[in-house]
Amino acid sequence: MATPTDPGLLLRPMLHVADLAASIAFYEQLGGEVVHGGPDSDWVLMQLGTIQIGLVARPPDRALGEDTVELTFDAAVPLADLESRLHRAGFAAAEVGADRDFGEQLHVRTPEGLLLKIRGPEPE
């Protein structure tokens with residue numbers, strides 16, 4: 001549950017993979033279970049222990065700052081609220097972008113330059 005000081009972020013790493021079916025089989029051997037998508041889709045979401053990981057069947061788009069592993073978060077607060085919060089704290093590099101698979105996301109870089117993608121709550 002989000003509070004004024006806690007935006008309720010949930011980490012969801014995304015991995016760009018060359019062979020989606022092989023990657024699914026690998027993570028299934030580690031106890032993973034597909035909860036969305038499948039080997040014939042462009043991406044899957046897998047439950048792996050207490051976290052979910054996304055497997056994306058395309059190379060990272062370097063022009064957009066993507067890498068093989070991305071740190072993606074789900075937020076319990078609206079993206080505009082989180083963007084305002086970051087701006088007030090002096091982190092003005094945030095921007096809202098649309099991802100073809102995952103919808104509207106807030107893109108922000110850490111002080112080290114790592115791109116974070118934060119997805120807001122699902123519309124009701």
Side-chain angles (χ1 to χ4, degrees):
M1 180 76 168
T3 67
T5 58
D6 175 11
L9 294 181
L10 172 68
L11 176 63
R12 184 172 290 153
M14 302 298 287
L15 299 106
H16 292 266
V17 300
D19 185 335
L20 187 59
S23 294
I24 291 170
F26 173 79
Y27 286 103
E28 284 176 336
Q29 293 306 307
L30 296 176
E33 177 184 353
V34 174
V35 294
H36 181 80
D40 296 329
S41 62
D42 292 335
W43 67 280
V44 300
L45 187 61
M46 296 189 76
Q47 188 72 40
L48 188 62
T50 59
I51 66 160
Q52 292 180 336
I53 62 169
L55 304 176
V56 182
R58 66 174 168 79
D61 187 338
R62 305 282 186 205
L64 295 176
E66 294 179 348
D67 209 333
T68 303
V69 177
E70 297 178 22
L71 294 183
T72 304
F73 295 85
D74 287 344
V77 299
L79 293 179
D81 293 355
L82 193 52
E83 183 177 21
S84 294
R85 178 183 180 154
L86 288 166
H87 183 73
R88 285 191 309 271
F91 298 102
E95 63 182 45
V96 175
D99 182 277
R100 69 178 186 207
D101 295 318
F102 306 107
E104 188 175 79
Q105 296 177 333
L106 179 65
H107 296 176
V108 62
R109 294 206 178 264
T110 68
E112 297 77 29
L114 178 66
L115 176 66
L116 300 182
K117 295 181 179 181
I118 305 169
R119 192 174 71 171
E122 293 290 328
E124 294 182 23

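Positions are given from 1, in the same order as the sequence printed here. For the numbers below, each heavy atom of this structure counts, side chains included, while hydrogens, waters and symmetry mates do not. Because the structure is a prediction, the values reported are computed rather than measured.
- Taking OG1 of T72 as the reference point, atom CD1 of I118 lies at 9.5 Å (rounded to 0.5 Å).
- Remark: Q105 CD to F73 CZ distance equals 12.0 Å, nearest 0.5 Å.
- Using a 4.5 Å cut-off on side-chain heavy atoms (C-beta onward), V44 and I24 make contact.
- Nearest heavy atoms, A21 versus P39: CB-CB, 4.2 Å.
- Following chains of ILVMFWY side-chain contacts shorter than 4.5 Å, one can reach V77 starting from L11, so the two form part of one hydrophobic cluster.
- The side-chain heavy atoms of D42 and L20, taken from C-beta on, include no pair separated by under 4.5 Å.
- Taking all atoms of both residues into account, the shortest heavy-atom contact from R109 to L64 is NH2-O, 4.4 Å.
- Considering only heavy atoms from C-beta on, M14 stays 4.5 Å or farther from I53 through its side chain.
- Ion pairing of R58 with E66 is present here, as a side-chain N (NZ or NE/NH1/NH2) and a carboxylate O approach within less than 4.0 Å.
- Between T68 and L15, the closest side-chain pair of non-hydrogen atoms is not below 4.5 Å.
- Atoms CG and CG, from L86 and L106 in turn, are 6.5 Å apart once rounded to the nearest 0.5 Å.
- Separating the CD atom in Q47 from the CD atom in Q52 is a distance of 4.5 Å, to the nearest 0.5 Å.
- For the atom pair CG of L9 and CG of L71, the computed distance is 11.5 Å after rounding to the nearest 0.5 Å.
- A chain of hydrophobic side-chain contacts below 4.5 Å, direct or via other Ile, Leu, Val, Met, Phe, Trp or Tyr residues, connects V69 to I51.
- Residues L48 and F26 fall within the same hydrophobic cluster, defined by Ile, Leu, Val, Met, Phe, Trp and Tyr side chains chained together at heavy-atom separations under 4.5 Å.
- Ionic pairing of K117 and E70 is present here: one or more N-O contacts between side-chain nitrogen and carboxylate oxygen are shorter than 4.0 angstrom.
- For the pair R62/D67, a side-chain contact is recorded, criterion being any heavy-atom separation below 4.5 Å from C-beta on.
- The side-chain heavy atoms of H16 and P59, taken from C-beta on, include no pair separated by under 4.5 Å.
- Y27 and L55 get closest at one heavy-atom pair: CE1-CD2, 3.9 Å.
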